[in-house]
Amino acid sequence: MRPLTIAVPKGRVLKQLAPLFARAGIDTTSLLADDRTLLRETPDGAVRFLLLKPDDVPTYVEFGAADLGVAGRDVLLERQYDLYLPLDLGIGRCRMVVAAPEGAGPAPDVPRVATKYPRITTEHFAARGMSVEVIYVQGSVELAPLVGLADVIVDLVETGSTLAENHLVVREEITSISSVLIANRAAYKLRAAQVAPIVDALRAAVGG
Ligand code: PRP
């Protein structure tokens, strides 16, 4: 039987995810190993992990290269995927907000908004009947209003440090974000004998 394959995000969320996996009885030794391998297995060979950029996790799961994955709701809201979402993991909690420079005057009629999330941003302002010009950037979004690229930003806030240190303030909260377990639809049914016990163990670990 091939190992159950779980796509996990490298970076911040992995630090919260590993203890959750451990509570669910999944050996995390290989997951936490400090090396550059992108494909890792538990010692018993039952589970293998794919270490991915967070934005790529849903793609691997949707196409069946992984059976399960861990993805932020921000990524799932920004792009459309055909996935099953069995469980909110309660980690990676943050907020998606509109933020502007401290003390900024009223925004122009058509403000420029810098963001990694053009779709969410477009839908948010359209729902308020506001015209905006969305400017796509990949990161360091907080810099954009400081140097005249944009009037405001739409971005994630976790501790608030990045906003505060760049003299930005939250103007509006768009939605709250967390990490969810995602499953390939076919694997969820056809590999239920392997998938269901892991989902159940993670559900118990989240509750506990
Ligand atoms: C994220 C997010 C904010 C920051 C918020 O960026 O885009 O910039 O974290 O966290 P805080 O409220 O705890 O300061 P990330 O660190 O992932 O890097 P990026 O700017 O390259 O997207």
Side-chain angles (χ1 to χ4, degrees), residues 6-21 28 31-32 34-36 38 49-61 66 69-81 83 85 88-104 107 111-125 127-128 130 132-182 206:
I6 308 178
V8 299
K10 292 191 285 187
R12 253 190 233 220
V13 169
L14 186 54
K15 292 187 181 69
Q16 298 172 40
L17 184 59
L20 191 62
F21 277 172
T28 57
L31 191 59
L32 294 172
D34 186 18
D35 64 44
R36 303 285 297 168
L38 301 172
F49 302 109
L50 311 186
L51 275 75
L52 299 169
K53 288 270 189 190
D55 288 13
D56 290 334
V57 167
T59 307
Y60 277 73
V61 177
V70 174
R73 287 195 188 277
D74 54 328
V75 179
L76 301 175
L77 283 171
E78 181 61 26
R79 292 189 238 115
Q80 298 280 290
Y81 299 98
L83 293 165
L85 276 55
D88 191 316
L89 296 171
I91 57 172
R93 287 189 190 280
C94 54
R95 300 179 294 151
M96 186 166 296
V97 305
V98 181
E102 283 168 9
R112 288 191 303 202
V113 189
T115 187
K116 267 167 67 176
Y117 303 96
R119 178 194 176 109
I120 296 170
T121 300
T122 301
E123 286 181 0
H124 171 74
F125 286 104
R128 276 155 183 68
M130 282 181 66
V132 296
E133 183 182 351
V134 177
I135 300 176
Y136 174 73
V137 291
Q138 289 207 9
S140 301
V141 186
E142 294 82 357
L143 181 63
L146 306 184
V147 294
L149 179 65
D151 299 294
V152 298
I153 62 169
V154 166
D155 199 16
L156 299 178
V157 178
E158 187 184 359
T159 63
S161 303
T162 311
L163 286 187
E165 288 178 24
N166 291 288
H167 309 291
L168 302 173
V169 290
V170 173
R171 282 276 175 86
E172 202 181 341
E173 179 163 336
I174 297 178
T175 186
S176 57
I177 302 291
S178 57
S179 295
V180 296
L181 188 67
I182 59 176
V206 169

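Position 1 is the first residue of the sequence; numbering continues from there. What you see below is based on every heavy atom in this structure, not just the backbone, and it leaves out hydrogens, waters and symmetry mates. Nothing here was measured: the structure is a model prediction, and the numbers come from that model. Order of listing sets the numbers, starting from 1, for every ligand and every atom in it.
Counting non-hydrogen atoms of other residues, nucleotides and ligands closer than 6.0 Å to NZ of Lys10 gives a total above 12. Within a 6.0 Å radius of CZ in Phe125, more than 12 heavy atoms belonging to other residues, nucleotides or ligands are found.
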What are the atom names and distances for all N or O pairs under 3.5 Å between ligand 1 and the protein?
unit_1: ligand 1; atom_1: 7 (O); unit_2: Asp155; atom_2: OD1; d: 3.0
unit_1: ligand 1; atom_1: 7 (O); unit_2: Asp155; atom_2: OD2; d: 2.8
unit_1: ligand 1; atom_1: 8 (O); unit_2: Glu142; atom_2: OE1; d: 3.3
unit_1: ligand 1; atom_1: 8 (O); unit_2: Glu142; atom_2: OE2; d: 2.6
unit_1: ligand 1; atom_1: 8 (O); unit_2: Asp155; atom_2: OD2; d: 3.4
unit_1: ligand 1; atom_1: 9 (O); unit_2: Arg12; atom_2: NH2; d: 2.9
unit_1: ligand 1; atom_1: 12 (O); unit_2: Glu158; atom_2: N; d: 2.8
unit_1: ligand 1; atom_1: 12 (O); unit_2: Thr159; atom_2: N; d: 3.0
unit_1: ligand 1; atom_1: 12 (O); unit_2: Gly160; atom_2: N; d: 2.7
unit_1: ligand 1; atom_1: 13 (O); unit_2: Thr159; atom_2: N; d: 2.8
unit_1: ligand 1; atom_1: 13 (O); unit_2: Thr159; atom_2: OG1; d: 2.6
unit_1: ligand 1; atom_1: 14 (O); unit_2: Thr162; atom_2: N; d: 2.9
unit_1: ligand 1; atom_1: 14 (O); unit_2: Thr162; atom_2: OG1; d: 2.4
unit_1: ligand 1; atom_1: 16 (O); unit_2: Arg12; atom_2: NH2; d: 3.0
unit_1: ligand 1; atom_1: 20 (O); unit_2: Ser140; atom_2: N; d: 3.0
unit_1: ligand 1; atom_1: 22 (O); unit_2: Lys116; atom_2: NZ; d: 3.4

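Proximity of a side-chain donor or acceptor of Asn166 to a complementary backbone N or O of Leu168 within less than 3.5 Å is not detected. Side-chain N or O atoms of Asp155 include none that pairs as donor or acceptor with a backbone N or O of Val141 at under 3.5 Å.
Atoms CZ and CZ, from Arg73 and Arg93 in turn, are 9.5 Å apart once rounded to the nearest 0.5 Å. Here the CG atom belonging to Asp55 is positioned 7.5 Å from the CG atom belonging to Asp74, to the nearest 0.5 angstrom.
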